Structure formats: C-alpha cells, structure tokens
> 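Got a structure here, written out as structure tokens. Questions coming.
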Protein chains: 2
Amino acid sequence: MTNPFIRKLENFCALNDEERYLIEVLCRHVRRVEARTDIVQQGDEPRCVNLVLAGWACRYKQFADGRRQIISLFVPGDLCDPHIFVMRSMDHSLATITPISIVRLSEEAIDTITRSPRLQAALWWDSLVTSAIHREGIVSLGQRSAAERLAHFFCELSLRLQAVGLGTEAGYELPLTQQDIAEMLGITNVHVNRTLRDMRDSGLVTLRGRQLTIHDFTALKRLAIFDPSYLHQGRESVQLDSNVLMRAN
Amino acid sequence: MTNPFIRKLENFCALNDEERYLIEVLCRHVRRVEARTDIVQQGDEPRCVNLVLAGWACRYKQFADGRRQIISLFVPGDLCDPHIFVMRSMDHSLATITPISIVRLSEEAIDTITRSPRLQAALWWDSLVTSAIHREGIVSLGQRSAAERLAHFFCELSLRLQAVGLGTEAGYELPLTQQDIAEMLGITNVHVNRTLRDMRDSGLVTLRGRQLTIHDFTALKRLAIFDPSYLHQGRESVQLDSNVLMRAN
DNA sequence: CGCTGGATTGAATCCTTTCAAGTATAGTGG
DNA sequence: CCACTATACTTGAAAGGATTCAATCCAGCG
C-alpha cells in the first residue's frame, strides 16, 4: 500500500524515486494512538509535526463552558503545519477520532524534505490547500444553512478521500459521530440528525454505520454550492461551474 | 512614519538595519487603489503578493445568489500568502474597503526577503498567525453567539491594530459599514445593528462614525471569551486566563 | 442478555432573519 | 446655503431555522 502523503502530493506534481524514498524513510517509525485521545494540547510547545498515515484525527478548540469547535479534520495523507516550530506554543489541540497511525516529523526531518525544491513546493501547496479548506470552512459557517453545510462537508470529504484512494463519488467510510459532525459544522447534534434524515428522505445521501452513501452527487454539489477549485487538485483546477461562486458588483 | 510591516514583524523578533532596509526598499513603489475595488479576483492567476501599507482591505468569496462572506481583513502591515505563486489560480477575491496604499511584491521580492533566515522565520510566523486568526474565525462562526462574535471581533482588531500603532484598548478607527461587519461575522446587518445597540446600552462599546470606543475592555474580553494567545504576539504568549479555553475531557 | 453510547423524535423556546418603513448622514449641484 | 440624492443606520413585527430538553429507540459489546 502506497504512502498516502506521497499519493496526495503527487496530485500536485510528480515526484521522482529519490523524493518518494526520502519520505518513505521518514515514515518508518509509525506511532499508533488509540481513538479519542489528545495528541497535542493547547499550550504545549510544538515539538514535531504530525503526519497521518491511517485513521482520522482533528484540530479543535474548546471553551470552559464545554462548547467545542472542530476546526479541521485530518485524514490519511494529511500533515499539520510544517513550520509550526517558529511558534512558542500551540493555540489549539489535536486529537484522534479513530485509532490512528501517525509519524512525528522533527524540525530536521522537515528541513530534509524541503531541501528538495520540488518537495518544498509540494509542501507549500499542501499548506496553501489547508488554508483554502479553512477559508471555505469560514464561508460554510458564515453563509451556508445547515443542509448546505452538511452537503458541502460531504462533497469536500469525497474529493479529499478520493485523492488518497479512500473514497469515490458513490461514498466512503465516515467514522464520525453525529456529535463530531455537529462540532465541525457549528450546529447541534440534534439538528445534524434531523438534516440527515431530510437528506436521506430526499434521496441525496445515507449515513449509516460509519458508511456514507452518496446517491446523487450532482444534486449534492448543487445543494452545497460546491466549487472544488479551492482544493487545487489536479494541475488545471480553474473550472468554475455556473452554479458557483462569482464576483461581486 | 515607520513601515507597518516592519513594525508588525518586530513583534515577533527584532530586525537589524539591513533587514529593515531591505523591506523598505521593496516598499518604495506604492500603488494607490480607491475604496470598494477588487484588487484580485477569484480565478486570476497569482502574479504578486499584496502588502498593505495604509488603508483596509479584505478577502471574500461570494455566491451567485448574492451571499457574501468576508474571510479576512487586511489592515496596515498585513501581507497575503507569500507562497501563493505555487497555485495556478486564486480561489477567492481581494477587495479594498477604504482607499488604500499597497505594495505588490513579486516572487523574486519574496525570495529576496526569505534569503535572510530571520526574515524567513518572521514570514512563517506571520502566515502562521494568519492561519491562527482563520482558525479562531472558525471557532467564532461555529460556536459564538452574535454578541460574542462582535465582542471577539472588536478585541482581536484592537490587538492587531495596537501591534502597528493604530489603536489602543480604548478604541480605534473602524472604517467598516455594519453590512461589512455582518458579512464578516455571518449574521445580518440588521442583527449587527441590534446587537451593537445592546452593547452600547450595556456600556461595553460604542461605534459611531467609523470610530469604535471601547468603554470596558475587560468586560468585552469576558463576553467574547477572548484569549489573545492565538495571535502569538510578544515572545511569551503562553498565558492562558482562567475564563478561557481549556482542554477537553 | 443487559448495558452503554449513539441515533432518533417531539414539543416548546429562542435567537436570528426577513420584510418593511422610517431616520440620519454625507456628498452634490444649483 | 439649501434642496436633492444616495447610502447607511435604526426600529418594529412576523416568520423561520436551530436549539433545548427530554424521552425513546437502537446496535454493538462484554
């Protein structure tokens, strides 16, 4: 099974054997962490960069009163903040969702990678895509209704998982509870449940037993106002559909 | 008047004369753009990195049906995406809010800057802070009520403007319309107006004629659940108040 | 086979939006 | 200097989407 990080980066540009080998060597010491465990906590000094090889994790922030926001999801191939070392402390926490396999990359390991200009560019691309995902998250939370958010979330995840061979347009494994989804989308778990029922009833998607089945991807994209260009996948991502974002004025 | 970008970076680390001079030279060709004008549009190929010297601008995305989300604000000293050049196209637009002075930095200019290890680290710091601001924006949109969002927004802006000498804890110039604020915070302009009235009535802040007056910064922070550590200002930003974020479980 | 966490549903409540109308403010031209 | 216009701000009333609280159902698991 190929390394999902290599696989993802190759959506940006082809790597040579040497570059692939370099990453594979760095990925030899896999660390396993059980589900629902903090990997890094807010306030910690950044010691390493985590790369997910298998399993799901998330970034989150939580208030003293219990409210919690999941800021981003990590699926296989995802890397967090390669330049985090310039910071004194973490302003958020990282936690596993499922049992997970991760690699802890040291600052030296990152330096080694970025010595290759192509890998350096690939890492920039990756973190720019991560930023773009965050921006789109802001758009979702700020402008999309609950149903639109859910639809958008499913669309995005479909493409991200396809990029590492873990899903198709017809569906994928989604190991989140409805509470997790609620904390991602800024709505309550009850409302997630009701919205999911509506989407099932209208023949869009079905979520059962950690398996998401997409019955009508086109309709899902339409509901979500989903424009995949922000994911910058493939080398020619500038195709704006008409149902989609357009400029002001 | 000192360059706000230099001033901001020096919140991260002191620069030497050579480094300051390098930036000042790159800032010689100032471009002026009038208010309410797109600087870069979604779909454009990235040609340069914009650095704001004076005036306010924003990043936004807009739907075909008119809904618009302002994703981030640029105040003097703010730089957008120094590594944007690896991307094929912009997934969002940039627009001015006020008349503005900006500098367009080419890829070579960025390369020149990052040849200095300290400036390279400072640029990383700056973009990590930008990411952190986006993450906190996600938390606001996902978990905070309208009043909490507004309060948080005012607190964050106070610190960011203080970092470049454009505000104090007592207030600052805020050249946004209530509609702009609404599009930042994911609520309607009508609700912004009502919430602003409530905050004025309860003696927290007053916003009149583009001037924000903060009457009770402590109470504002409390309402906002504001923990400034995500801004990573100063060299010792690890001070978590008790009213503030804490870990799960 | 009972336990436990997650999923589901109903009913009431509430925060926010929508629609509409009215007021204030700033800039423009006669 | 004052109509005139445009834009922003303000407020009310009604409607709606999402939350809250609580109870029930379900499935996997020891």
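All values reported here derive from a predicted model rather than from experimental measurement.
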> Tell me, please, the opening and closing nucleotides of DNA chain D, 5' to 3', among those with an atom under 4.0 angstrom from a non-hydrogen atom of chain A.
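That gives a stretch of D/dA18 to D/dC21.
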> Are B/R67 and A/E148 ion-paired here, with the side-chain N under 4.0 Å from a carboxylate O?
yes
> So, do A/F63 and B/Q143 sit near enough that their side-chain heavy atoms are less than 4.5 Å apart?
yes
> Near DNA chain C, counting only heavy atoms under 4.0 Å, which residues of residues 190-213 of chain A show up?
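Correct list: A/V190, A/N193, A/R194, A/R197, A/R200, A/R210.
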> Check each residue of residues 140-152 of chain A for a non-hydrogen atom within less than 4.0 Å of any atom in DNA chain D, then write out the ones that pass by number, or none.
A/S145, A/A146
> Regarding B/R160 and B/D78, does a basic nitrogen lie under 4.0 Å from an acidic carboxylate oxygen?
yes
> Once salt bridge (charged side-chain N to carboxylate O under 4.0 Å, His left out) is applied, what residue pairs with a partner in residues 40-49 of chain B remain, sequence neighbours excluded?
none
> What are the 5'-most and 3'-most nucleotides of DNA chain C lying under 4.0 Å from any heavy atom of chain A?
C/dG6 to C/dA11
> Side-chain atoms of residues 169-178 of chain A: list all donor-acceptor pairs with protein atoms under 3.5 Å, sequence neighbours left out, distances to 0.1 Å.
unit_1, atom_1, unit_2, atom_2, d
A/Y172, OH, A/F154, O, 2.7
A/T177, OG1, A/Q179, N, 3.3
A/T177, OG1, A/D180, N, 3.0
A/T177, OG1, A/D180, OD2, 3.1
A/Q178, OE1, A/N193, ND2, 2.9

> Classify the angle between the aromatic ring planes of B/H152 and B/F226 as parallel (below 30°), tilted (30 to 60°) or perpendicular (above 60°).
perpendicular
> Would you check, one step at a time, whether the test side-chain hydrogen bond (donor to acceptor under 3.5 Å, both in side chains) holds for B/S72 with B/R59?
CA-CA 5 Å; B/S72 39; B/R59 243 190 255 268; 2.7 Å; yes
> Provide the closest heavy-atom pair for B/T96 versus B/E34 in the form atom of the first, atom of the second, distance.
OG1-O, 2.7 Å
> Do the side chains of B/S140 and B/F153 get nearer than 4.5 Å, heavy atoms only?
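The answer is no; the side chains never approach within 4.5 Å.
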> Just wondering, do A/R31 and A/R104 contact through their side chains at under 4.5 Å, heavy atoms?
yes
> Check this for me, if you would: do B/R144 and B/E136 make a salt bridge, where the nitrogen-to-carboxylate-oxygen distance has to be below 4.0 angstrom?
yes
> Got B/D91 and A/H232 here, is their nearest side-chain heavy-atom distance under 4.5 Å?
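Result yes, sub-4.5 Å side-chain heavy-atom pair found.
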